[in-house]
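Structure first, commentary second.
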Protein chains: 2
Amino acid sequence: MNKVAKHRNITAQDVADYAGVSRAVVSRALSENGSIAPETKAKVIKAAQELGYQVNFLAQGLNRKRSQLIGVVVARISDPFRSALLEGLISEIQARGYQALITEVQTEQDLADTMRRFSQFRVSGVVVTSGQPPQALVKECVEFKIPVVGINRQLDIPQVDAVYSDNQQGAQLVCEHLITQGCKSFGWLNYKGSTWSGLQRGAAFSQALLEQGLNHRLTNIEAPCDGYEGGQQAAFTLLENQPPIPQGIFCANAQLACGFLDGMRQQGFDAPQNFKLVGFDNTPQTEQWSYQLSTLDQNIDALCKSTLDCLESRTHLPNKPSCSLPIAVQLIERKSSLSLP
Amino acid sequence: MNKVAKHRNITAQDVADYAGVSRAVVSRALSENGSIAPETKAKVIKAAQELGYQVNFLAQGLNRKRSQLIGVVVARISDPFRSALLEGLISEIQARGYQALITEVQTEQDLADTMRRFSQFRVSGVVVTSGQPPQALVKECVEFKIPVVGINRQLDIPQVDAVYSDNQQGAQLVCEHLITQGCKSFGWLNYKGSTWSGLQRGAAFSQALLEQGLNHRLTNIEAPCDGYEGGQQAAFTLLENQPPIPQGIFCANAQLACGFLDGMRQQGFDAPQNFKLVGFDNTPQTEQWSYQLSTLDQNIDALCKSTLDCLESRTHLPNKPSCSLPIAVQLIERKSSLSLP
DNA sequence: CAACGCAATGAACACGTGTTCAATGAGTCA
DNA sequence: TGACTCATTGAACACGTGTTCATTGCGTTG
């Protein structure tokens, strides 16, 4: 463990000198490609360990024209579902030997700057979990062979892959479930200016009801904004003119649903007594005793694995056609949507 | 916007050729150091823009021996407080022109590997929000002039800075508040194998009670694990032998507190009717209608800003003595700890 | 014994930038 | 006009790695 030079980073050259070989041999011994005699390899590896040699990733990336970084675009991490997704992504990225370069974006301009910086770092791939990157920029990435994958969003750009929870299937499950629980009228709660995911879920729910001949019994409830507060306010707005409460309500995400439920409770109504409620995103909070909210569970593990599969396969085949990968969701039945015995 | 070479990254050399100067001049024009004629500078900048030139960060970092990356060590991001802290950190890191390199660690070995990789990327600094990095490795960082800052943890290594919420002050606030609300007996709820923060909070609470001559009225409640479930189970264990419920309970973190409250409710007890409850970490959930939990608000903004201040000042003065920076917390009074009118 | 194939090695180049150092030329002062 | 200062410029080196290409030497076969 005695280092040759204490206050200088030790390089492959130091290892080469120490082992009595050339620097090229060191590179071959450690990078597993190029032919090398087994005993030489062992000698070099031993020398590297004794010196505590670590590859300089910047030099490596510069040479290979590709760093082992993967850029991840996120927004509002503090949202429970998003943080869970981010956690899964980071784990998967690390498990495959990459490092996660995270950027938070708020505006489209942020996103453009971010994508540019990612390319300046020569990232091995980009995962977009939020926002709609400008086509021109994505095309630039494609041109420089940087794979781009979107999670739960539609990018609609050739050679860009998409992984998303199967909203059609989810809406279908919810529709059937609510009908089974005896609901005759329905509500769809989403926030104003919703993302693509939300819109798609709403459309799918409407479609599923149509197939049952029940879509004329569907009321749209619009929250003024996303999140708990949005849902809460929606509950107050809904009851303003004392209309009948839809018997089965499907909600675009878990935070909205929790807020809506609390808003209804504040006005003396509760689920499942007065209405059934199902939300999207099986966040920890929905499971808690105070909520016990039925939800559609997005398979975060599968989403993340598929995302990195896409990334890696496109690294090897940059020009293959775009793939669009729906991941099955699972209905978790809890108290909020079950008929009382 | 017409590029010289479409399918090749354009380099400083391309800009130099295009502007009719040498590559050294391009570097000077864009990096703001070294003397250069104003009109030449303008010419180069114009050329760079027209070509869409972007610096290669890997080459830049290799040359400067320092990338503009900042490594962040996290664990269990999906926890509400941690995700809020991470969000704040990422924002602050970006605001100062760096990029966040995030690594999730589970074991001490993970942490060791992570620190090593960070140094391989020649990061400008490391922020540790979880775990206890091995002294040897941190010393290595210090040796290579990589600043290390810990948030809410005690690293106890020379030349490593610490930023943390002021647990003493927080415990003092809670103690006074509970007494004001009429509490005569007290409880401290923490989980088994708590982190340094939790232990310090408990010790400070006990100390604050001691100063009021009330520490003999303090009961320790131990949850079997962290999180909502841990708190919930603690509530059941507490009531097993039907002892008197402490009148004022202080809880190491918000998730535990929410779980504890729900656990008590399941057994027919509620706050503030049957006991007063205050938690640490003002997470969004504590504010919600179903909980309305009094909490100590950690000033995340200040924590993050101070962290990066420490990092930057140590970059300039690598050998200055360690600094230890407590950040004031604020008591948010909500229903769970207020006497009913 | 000669010719050949093949594994192993090291010299040299490329990756793209920041910075040092010597050279140039214009401007100033005596 | 000649000497001197100083801003500006470009050639060259350093950063640390991966990879190509020519060379070496050994074992094998005819």
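In what follows, every chain begins at residue 1, and chains take the letters A, B, ... in the order their sequences are listed.
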Using a 4.0 Å heavy-atom cut-off, does [X] contact any base of the nucleic acid, only the sugar-phosphate backbone, or nothing at all?
| X | value |
| --- | --- |
| A/T11 | sugar-phosphate |
| B/F57 | nothing |
| A/A24 | base |

For [X] and [N], give me the distance from atom [atom1] to atom [atom2], rounded to whole Å.
| X | N | atom1 | atom2 | answer |
| --- | --- | --- | --- | --- |
| A/N9 | D/dA14 | CG | P | 17 Å |
| A/N33 | D/dT17 | CG | P | 15 Å |
| A/Q68 | D/dG16 | CD | C1' | 15 Å |
| B/R66 | D/dG16 | CZ | C1' | 17 Å |
| B/R122 | D/dC15 | CZ | C1' | 10 Å |
| B/L30 | C/dG16 | CG | P | 16 Å |
| B/L58 | D/dT17 | CG | P | 14 Å |
| B/F121 | D/dG16 | CZ | P | 16 Å |

Using a strict 4.0 Å threshold on nitrogen-to-oxygen distance, state whether A/D14 and A/R23 make a salt bridge.
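Salt bridge flag = no for A/R23 with A/D14.
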Does a salt bridge link B/R116 with B/D113, judged by any charged N lying under 4.0 Å from a carboxylate O?
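So B/R116 does not pair with B/D113 through a salt bridge.
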To the closest 0.5 Å, what do you measure between OG (A/S67) and CD (A/Q60)?
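One finds 9.5 Å between OG of A/S67 and CD of A/Q60.
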Phosphate contact ([N] OP1 or OP2) by [X] side-chain N/O below 4.0 Å:
| X | N | value |
| --- | --- | --- |
| B/N63 | C/dT19 | no |
| B/Q60 | C/dG18 | yes |
| A/Q13 | D/dG16 | no |

With distance as the sole test, does A/Q94 use its side chain to make a donor-acceptor pair with the main-chain N or O of B/E104 at under 3.5 Å?
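Looks like yes, one N/O pair under 3.5 Å.
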Going by the rule side-chain hydrogen bond (donor to acceptor under 3.5 Å, both in side chains), which residues pair with A/T103 if we only count those two or more places apart in sequence or in a different chain?
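Only B/Q99 meet the side-chain hydrogen bond (donor to acceptor under 3.5 Å, both in side chains) criterion with A/T103.
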Polar atom pairs (N or O), protein with nucleotides 4-9 of chain D, under 3.5 Å:
unit_1, atom_1, unit_2, atom_2, d
D/dT9, OP1, B/T40, OG1, 2.6
D/dT9, OP2, B/A37, N, 3.3

Would you state whether a donor and an acceptor, one from the side chain of A/R23 and one from the base of D/dG18, lie under 3.5 Å apart?
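Pair found.
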Check against side chain to side chain contact (heavy atoms under 4.5 Å, CB included), A/R153 and A/S197
CA-CA 6 Å; A/R153 66 208 49 258; A/S197 286; 5.5 Å; no
Would you sort out whether B/E87 and A/S78 count as a side-chain hydrogen bond (donor to acceptor under 3.5 Å, both in side chains), showing the intermediate values?
CA-CA 7 Å; B/E87 180 171 304; A/S78 52; 3.0 Å; yes
Nearest-nucleotide pick for B/K65, side chain only, options being D/dC15, C/dT17, D/dG18:
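Nearest to the side-chain atoms of B/K65, counting from C-beta on, is D/dC15.
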